[in-house]
Amino acid sequence: MRCPKCLLCLSALLTLLGLKVYIEWTSESRLSKAYWGPRGMAPGPTPASPEPTLPANLSARLGQTGPLLSAYWNQQQWQLGSLPRGDSTEPGGCRAWGAAAAAQIPDFASYPTDLQRFLLSAACRSFPQWRPGSGRGQVASCSGTDVPYLLLAVKSEPGHFEERQAVRETWGSPAPGVRLLFLLGSPEGEGGPDLSSLVTWESHRYSDLLLWDFLDVPFNQTLKDLLLLAWLGRHCPGVSFILQTRDDAFVHTPALLDHLQALPPSWARGLYLGEVFTQAKPFRKPGGPYYVPKSFFKGGYPAYASGGGYVIAGRLAPWLLQAAARVAPFPFDDVYTGLCFRALGLAPRDHKGFLTAWPADRTADPCTLRDLLLAQPLSPQNSIRLWKQLQDPKLQC
Ligand SMILES: *[C@@H]1O[C@H](CO)[C@@H](O)[C@H](O)[C@H]1NC(C)=O
Ligand SMILES: *[C@@H]1O[C@H](CO)[C@@H](O)[C@H](O)[C@H]1NC(C)=O
């Protein structure tokens, strides 16, 4: 042993080299999981049915084993043929459905006001578009030659001018095959400022606002999903994928496009992709934000993708509308979408690149975001800064 120090040095060097190789390997496989999930993986067992179906009796699909008279949703769903189509208080009309709910739920009077209001009008789902005067600023239909590959459908609300502008300047900026639409309720509000003229100006300027004449409140968000699906059926039936998201999300659009283009066709056909919750249960604490009374709903939620952002296959739009006509109303839009997918026999696919409870202390880091497809929530300021950093070819991670 002539040079024990040399030997020590050599082994330290080798260890370091090994460590470097290991780190690169793991971070690469992490990256490829975030971007290319399905491409790198061996095809898993094919699900029983990759195609949607809607059986005449949905009870078994929805995991119902009997009439549960003590919970209104469960009881309604057990006996529901289809929801009323008529827009009235007549028997069989949508308002009559709400009035019956109020009369039959014993502790209805103790429900939070927004849940009461939701139930009274929950079966009413056809609302006219809110037209920004003079016919200009209408959202154009897709032309035969210009059918988007990916529609970014962003739930916003009339007062969120700043959020919308940040989306237009960042991840929603024009790109081949991508179309951006904001989904809003009426800007006339209720007991708030009337934003009609500002929203009308904005609509004329950008032609990317789809507005409907209903009150834009959290428990009315399912209306945006359903009215968008109906609008697509009439004006843009060929769209390949729809990203359903919110105006405080940050989407790494190029990475999302890469990911969608790499999907095996059999997955893409029934796609429902996002951050999936499989074991979620209703919150039972009165006064909490997602409180659900026991007299309204019993059981666990179906597996569903977080409403912060998820992608569905465009071809499922008519299927989802058919399912929604037969799934009893539920106040949370993302849980309701999960119920409709379950009714169709399609399961959500989880993707680690969707983070919808983005921790506030990590917003500063473009390197973390580079490996993700979607993060939410982010402020408009952070979105703009991050988008710039991600475009920078000198970005070192
Ligand atoms: C629907 O299916 C459930 C469970 O499979 C069954 O118990 C129930 O009787 C069926 N209802 C009707 C109306 O056929
Ligand atoms: C949803 O909008 C409709 C139509 O404007 C309204 O009647 C209903 O009360 C709203 N829902 C809630 C929960 O406020």
Side-chain angles (χ1 to χ4, degrees), residues 48 53-69 71-89 93-102 105 108-131 155-159 183-192 194-196 199 210-228 230 289-293 296-299 302 307 323-324 326-336 339 342-345:
T53 53
L54 203 56
N57 179 352
L58 283 183
S59 297
R61 275 274 170 88
L62 295 175
Q64 294 195 296
T65 51
L68 196 60
L69 297 177
Y72 193 72
W73 186 93
N74 305 64
Q75 175 238 313
Q76 278 290 305
Q77 187 58 52
W78 180 259
Q79 65 182 40
L80 193 66
S82 66
L83 284 166
R85 285 167 180 268
D87 215 359
S88 69
T89 45
C94 64
R95 302 264 165 203
W97 188 91
I105 298 174
F108 186 81
S110 74
Y111 279 21
T113 318
D114 49 357
L115 185 56
Q116 290 187 10
R117 291 188 57 140
F118 168 76
L119 284 172
L120 287 172
S121 70
C124 300
R125 289 165 164 187
S126 40
F127 289 91
Q129 259 177 275
W130 188 90
R131 306 260 175 206
K155 286 184 183 139
S156 186
E157 54 184 88
L183 317 178
L184 297 98
S186 165
E188 286 159 39
E190 191 190 64
D194 182 351
L195 300 176
S196 304
V199 167
L210 264 182
L211 298 127
W212 291 279
D213 195 8
F214 63 77
L215 198 61
D216 201 332
V217 291
F219 283 1
N220 264 348
Q221 300 304 304
T222 289
L223 291 174
K224 295 182 182 173
D225 292 326
L226 301 179
L227 291 165
L228 173 72
Y290 298 105
Y291 168 58
V292 175
F296 178 64
F297 179 84
K298 286 217 175 95
R326 296 185 38 209
V327 174
F330 197 84
F332 312 140
D333 54 353
D334 47 8
V335 174
Y336 191 73
L339 285 165
R342 185 163 178 187
L344 293 174

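When a ligand or atom number is given, it counts from 1 through the structure's own listing order. All residue numbers in this chain count up from 1 along the given sequence. Values reported hereafter were calculated over all heavy atoms of this structure, with side chains retained and with hydrogens, waters and symmetry mates removed.
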Which pairs of nitrogen or oxygen atoms, taken one from ligand 1 and one from the protein, are under 3.5 angstrom apart?
{"residue": "ligand 1", "atom": "2 (O)", "partner": "Asn57", "partner atom": "OD1", "Å": "3.4"}
{"residue": "ligand 1", "atom": "2 (O)", "partner": "Asn57", "partner atom": "ND2", "Å": "2.4"}
{"residue": "ligand 1", "atom": "11 (N)", "partner": "Asn57", "partner atom": "ND2", "Å": "2.9"}
{"residue": "ligand 1", "atom": "14 (O)", "partner": "Asn57", "partner atom": "ND2", "Å": "3.4"}

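Ligand 2 has a nitrogen or oxygen under 3.5 angstrom from a nitrogen or oxygen of Arg117. When only interatomic distances are considered, the shortest N/O to N/O separation between Leu223 and ligand 2 does not fall below 3.5 Å.
Distances below 4.0 Å separate heavy atoms of Phe127 from the following atoms of ligand 2: 4 (C). Within ligand 2, the atoms closer than 4.0 Å to a non-hydrogen atom of Phe118 are 13 (C), numbered from 1 in the order shown. Taking every non-hydrogen atom of Phe214 and a distance limit under 4.0 Å, the qualifying atoms of ligand 2 come out as 2 (O), 4 (C), 5 (O). Near Val217, the atoms of ligand 2 lying under 4.0 angstrom from a non-hydrogen atom of the residue are 12 (C), 13 (C), 14 (O).
In this structure, Phe214 and Trp212 have parallel ring planes: the angle between them is below the 30° cut-off, well short of the 60° mark.
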Starting from the C-alpha separation in whole Å, work towards a yes-or-no answer on side chain to side chain contact (heavy atoms under 4.5 Å, CB included) for Tyr111 and Val292. CA-CA 9 Å; Tyr111 279 21; Val292 175; over 6 Å; no
Show your reasoning for whether side chain to side chain contact (heavy atoms under 4.5 Å, CB included) applies to Val327 and Gln77. CA-CA 7 Å; Val327 174; Gln77 187 58 52; 4.0 Å; yes
Applying ring-ring contact (aromatic ring centres under 6.0 Å, His included), run through Phe108 and Tyr72 and close with a yes or a no. CA-CA 10 Å; Phe108 186 81; Tyr72 193 72; 9.0 Å; no
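A 4.5 Å side-chain heavy-atom check between Phe296 and Phe330 finds at least one atom pair inside the cut-off. No side-chain heavy atom of Pro218 sits less than 4.5 Å from a side-chain heavy atom of Asp114. Between Ile105 and Leu119 the shortest side-chain heavy-atom distance falls below 4.5 Å.
Counting heavy atoms under 4.0 Å from ligand 2, residue Asp114 touches it through the backbone alone.
Tested against Lys155, the residues Asp216, Asp334, Asp333 include a single salt bridge (Lys or Arg N to Asp or Glu O under 4.0 Å) partner, Asp333.
By the salt bridge (charged side-chain N to carboxylate O under 4.0 Å, His left out) test, Arg117 is found to be paired with Glu190, residues two or more places apart in sequence or in another chain being considered.
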